[in-house]
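The structure appears below as structure tokens.
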Amino acid sequence: MSPVSRRRKPKSRSVRSGAPLVVVDPPEECDCPHCAGGEPTPEQLDGLMPLVDLGAMQDPTEIEVAAAMFLAVGALVGEDFDRALPELFVPTLETTATASARAMLAGIAAICDGDTSRFAAQAAGRLAEAGVDAPAWLAELEIPVVAQECRQFLNPMGETFLLAGMFQRAGRSLAVFVVVDPLDCGAAQEILLIDPDQWDAARRSLRSDLQAGGVSIRDEEIQPADFRRAVQEALEVRADHDQDHDRDVDDLLDDEDGPGYPAFALLLRSWLRALPEPASLPRHRHDGELDIASISALLDRIPGRGRRGAVPGPRTAKLPPKRKKSAGPAPIYRIKVGLKGARPPIWRRLDVPGDITLARLHTLIQVAFDWDDSHLHVFETPYGSFGRPDAELGHRAESRVTLEQVATAVNDKLHYTYDFGDSWEHDILVEQILDPDPAVTYPRCVGGRRAAPPEDCGGVWGYAELVEILADPTHPEHQDRRDWLGLAESTAFDPARFDATAITAALQRLR
């Protein structure tokens with residue numbers, strides 16, 4: 001299996017793991033012949049059936065990912081797809097009688113449970129008996145996975161932020177990390193397939209990175225049943241949160257256009273079914289029930305009722321809901337991002353879609369200011385702080401919040417800090433909210449002033465000193481600063497340089 005957990009995917013929507021796996025491009029609503037009450041034609045089925053490049057695969061996990069991606073796309077149409085899967089897709093795949101069809105049926109049988117799994121397994125078995133060839137490793141899908149090692153990582157507050165599991169099936173090792181956000185009700189944020197050879201190195205790297213940032217964590221082994229319970233809880237909370245959002249095919253892909261969270265969640269659920277049952281089923285508090293701690297927290301927010309002698313903390317507004325797909329295209333936000341304290345001013349004016357996540361906006365700002373994204377960052381908004389999830393710092397996950405959620409009107413402001421050491425602070429002002437122009441490609445830079453400071457030069461005051469030293473060849477530190485920046489000559493550094501066209505080109509290379 002590839003060591004890359006989220007496989008790149010070209011614009012043809014072919015899920016990759018070194019080569020194409022599956023092509024799926026369903027309609028927004030299920031208009032397949034089964035759901036319409038008619039008999040399918042070959043032409044109609046061609047547009048609905050998954051296509052698998054079996055020769056590009058190397059192990060059974062890859063066909064599982066392909067099947068999970070197909071099932072995740074189908075889930076967008078709701079209960080109709082659940083009915084059509086065993087009654088239309090499974091029989092049609094069997095009828096094609098190809099090695100790819102047999103493999104996809106085996107993958108569906110492995111990912112699904114109940115009657116769908118049984119029907120798909122029977123169909124794959126009949127193709128095998130009929131002599132339809134398939135790679136030898138395909139039979140491994142019939143062998144349940146076994147948990148070799150399960151671990152949980154806890155932050156200094158004793159909250160789980162990562163669950164890690166090492167599995168084995170037919171001599172092959174499989175490893176998965178589940179990133180959990182304690183500030184988002186313990187919901188699963190990401191699911192990463194890890195190269196088993198990197199199991200120990202990935203855990204060491206995680207501990208080292210956090211400890212270097214002054215964060216002390218606890219890494220402990222847990223029983224497979226407890227791992228199953230914890231992961232199921234995180235998956236269920238995430239599913240509960242996702243119910244209120246309309247979804248399309250793009251939601252099924254990660255930032256690199258590979259299989260995204262929904263497909264990996266289906267895959268992981270199938271593995272969990274092979275683990276021992278937890279003592280009781282996971283139960284999350286999203287059914288209107290409040291526990292004692294929640295009630296206490298709510299009461300403490302009533303004015304005059306806080307802990308004796310405590311100073312009330314800042315209150316944040318309730319985050320507005322995300323834009324629904326049915327609301328149409330998001331407007332374009334024209335924002336001015338200015339570096340605080342810079343004299344002369346350093347700023348960028350950007351046109352960005354209002355529905356981009358704050359995580360994506362962070363990336364755009366990094367490119368627009370020529371930062372290296374080598375330090376921590378945070379967005380301060382009227383709805384709280386967002387960045388890399390960190391319970392100790394109170395930072396919630398930026399990847400699930402959009403710009404238009406935290407800046408709803410013209411003249412709204414956000415605050416963005418990059419590098420908590422040098423403290424590059426930026427003010428973000430919403431100058432205009434515009435209708436998207438079909439003739440324009442977004443994001444783009446439409447204005448600005450001066451070059452951004454280089455990384456690690458000591459903040460705005462250190463940068464001012466750097467500019468002064470570089471402008472004075474007689475300064476005793478002049479040559480040292482040139483060497484640090486890798487400048488052959490002083491004229492190569494121009495603090496007044498700004499090129500909106502070049503920044504736009506860099507922004508659009510991210511697409």
Worked verdict on Tyr418 versus His426 for ring-ring contact (aromatic ring centres under 6.0 Å, His included): CA-CA 8 Å; Tyr418 170 61; His426 306 69; 7.6 Å; no
Could you tell me whether a side-chain N or O of [X] sits under 3.5 Å from a main-chain N or O of [Y], the two making a donor and an acceptor?
{"X": "Glu455", "Y": "Asp372", "answer": "yes"}
{"X": "Lys336", "Y": "Asp427", "answer": "no"}
{"X": "Gln508", "Y": "Thr441", "answer": "yes"}
{"X": "Asp412", "Y": "Thr408", "answer": "yes"}
{"X": "Ser208", "Y": "Arg204", "answer": "no"}
{"X": "Glu465", "Y": "Gly462", "answer": "no"}

Full working for side-chain hydrogen bond (donor to acceptor under 3.5 Å, both in side chains) between Glu425 and Thr417: CA-CA 4 Å; Glu425 298 183 9; Thr417 301; 4.9 Å; no
When you compare the side chains of [X] and [Y], does any donor N or O come within less than 3.5 Å of an acceptor on the partner?
{"X": "Ser385", "Y": "Glu380", "result": "yes"}
{"X": "Thr402", "Y": "Glu404", "result": "no"}
{"X": "Glu398", "Y": "His377", "result": "yes"}
{"X": "His362", "Y": "Asp373", "result": "yes"}

Contacts of type side-chain contact (heavy atoms from CB on, under 4.5 Å), residue Thr474, not counting sequence neighbours: Asp472
For Val406, what residues pass the side-chain contact (heavy atoms from CB on, under 4.5 Å) criterion, not counting sequence neighbours? Leu319, Leu358, Thr381, Tyr383, Phe386, Val401, Leu414
Decide salt bridge (charged side-chain N to carboxylate O under 4.0 Å, His left out) for Asp351 and Arg444; before the verdict, give the C-alpha distance in whole Å, the side-chain angles of both, and the deciding distance to 0.1 Å. CA-CA 5 Å; Asp351 284 354; Arg444 65 175 179 172; 3.0 Å; yes
What are the two closest non-hydrogen atoms of [X] and [Y], and how far apart are they?
{"X": "Val180", "Y": "Gly186", "value": "CG1-O, 3.3 Å"}
{"X": "Phe498", "Y": "Arg450", "value": "CB-N, 3.7 Å"}
{"X": "Ala188", "Y": "Arg238", "value": "O-NH1, 2.9 Å"}

Cationic tip of Arg218 within the cone over Phe153's six-membered ring, i.e. under 6.0 Å and within 45° of the normal? no
Taking the side chain as C-beta and beyond, is there a heavy-atom pair between Leu267 and Leu193 under 4.5 Å? yes
Worked check of salt bridge (charged side-chain N to carboxylate O under 4.0 Å, His left out) between Arg203 and Asp219: CA-CA 9 Å; Arg203 288 165 45 215; Asp219 169 11; 3.5 Å; yes
Which residues pass the side chain to side chain donor-acceptor pair (under 3.5 Å) test with Ser399, sequence neighbours left out? none
For Glu468, is the CD atom crowded, meaning more than 12 foreign heavy atoms sit under 6.0 Å from it? no
